[in-house]
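Along the sequence shown, the residues carry numbers beginning at 1. Every number for a ligand or one of its atoms is a count from 1 in the order of the listing.
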Amino acid sequence: MEVVHTIPELRAAVARARQAGKSVGFVPTMGCLHEGHLSLIRRAKQEAAYVVVSIFVNPTQFGPNEDFAKYPRTFEDDRRGSELAGADLVFAPAATDFYPAGASTWVEVEGVSAGLCGEFRPGHFRGVATVVAMLFNAVQADVAVFGRKDLQQLAVIRRMARDLRFPVRILAHETVREPNGVAMSSRNRYLSAEQLAQAAAIPAAMAAARAMARTGVTDAARLRSAAQAVLAAQPALKPQYCEIVDLATMAPVASTAGNSCAIAIACHLGATRLIDNADL
Ligand code: PAF
């Protein structure tokens, strides 16, 4: 596996793979790779002969009071994990290199980025869409794999790729979970063992809504209440949102009847913010 730091090196390596007749898969990450990321890389390797993993903690998707400075940087582990999972190339641009000095161009995906996390993290999806557009442009992959845990991010990227006509297939990969059901996240390392146990109320809340949906309930207010009751029983969790949304638009629905819907939850647990979602 090769590691490169600049766009010309990346382009040259991908061109060599193309010349060898290989299809190209791409997994964008911010590093601090866990089993969830590794499963994205393995999936990309099933879909494409040559897999690029980017590792870049993107400053523009963090708000002024968020954890950019303390976001864990674990490059050596990430390099090793990527290689073991089957990556062929790691692209790790230097923070000061990737955005040109004075960059003032943004990719703003309206609609799908408005509610949920978009409401509580102003500018977040603009930063995500901009960096992913830059990365798509740099890598020129046939297929890119994203985790389903970041459901709204996935919807934003799908819309962006469609609207800007990026010739890349976007694949969603299932969320990988801790043994107690908590979705894997780089931010889980901020949690104590006690907090990780408390966080299990989030998948339990989703399971309550799903169980109710399976009995035929389609009223979103009732499904939400079932989930909210489980969250409320764990006082350490401070819910930010708990919504039943349409999967394509990310807009809250009044009823799940006739729609492909998911329950999406964000909670604070101490200083850590956790998100998760499940199909209904
Ligand atoms: O999901 C992430 O890790 C990031 O938002 C992404 C897609 C790599 C863009 O920085």
* To do: With Lys45 as the cation and Tyr50 as the aromatic partner, state whether NZ or CZ is under 6.0 Å from the six-membered ring centre and within 45° of the axis.
  => no

* Aromatic Phe68 / basic Arg73 pairing, under 6.0 angstrom, 45° off normal -> yes

* To do: Quick one: look up the protein heavy atom nearest atom 10 (O) of ligand 1 and list residue, atom name and how far away it is.
  => Gln61 OE1, 2.6 Å

* Going by the order shown, which atoms of ligand 1 are within less than 4.0 Å of some heavy atom of Thr29? -> 8 (C)

* Backbone or side-chain N or O of Gln153 under 3.5 Å from ligand 1 N or O -> yes

* **Qualifying residues under ring pair (Phe, Tyr, Trp, His ring centres under 6.0 Å), relative to Tyr241, sequence neighbours excluded** => none

* Structure fact -> If you scan protein heavy atoms around atom 3 (O) of ligand 1, the nearest is Met30 CG, 3.6 Å

* Which of the atoms in ligand 1, numbered in the order shown and given with their element, are less than 4.0 Å from a heavy-atom of Val131? -> 9 (C), 10 (O)

* To do: Would you name the heavy atoms of Ala201 and Leu237 that are closest together and state the gap between them?
  => CB-CD1, 3.6 Å

* To do: Give the atoms of ligand 1, by number and element, whose distance to some non-hydrogen atom of Pro28 is under 4.0 Å.
  => 8 (C)

* Structure fact -> So side chain to side chain donor-acceptor pair (under 3.5 Å) across residues 261-280, not counting sequence neighbours, yields Arg148-Asn277, Arg148-Asp279, Arg177-Asp276, Gln240-Arg273

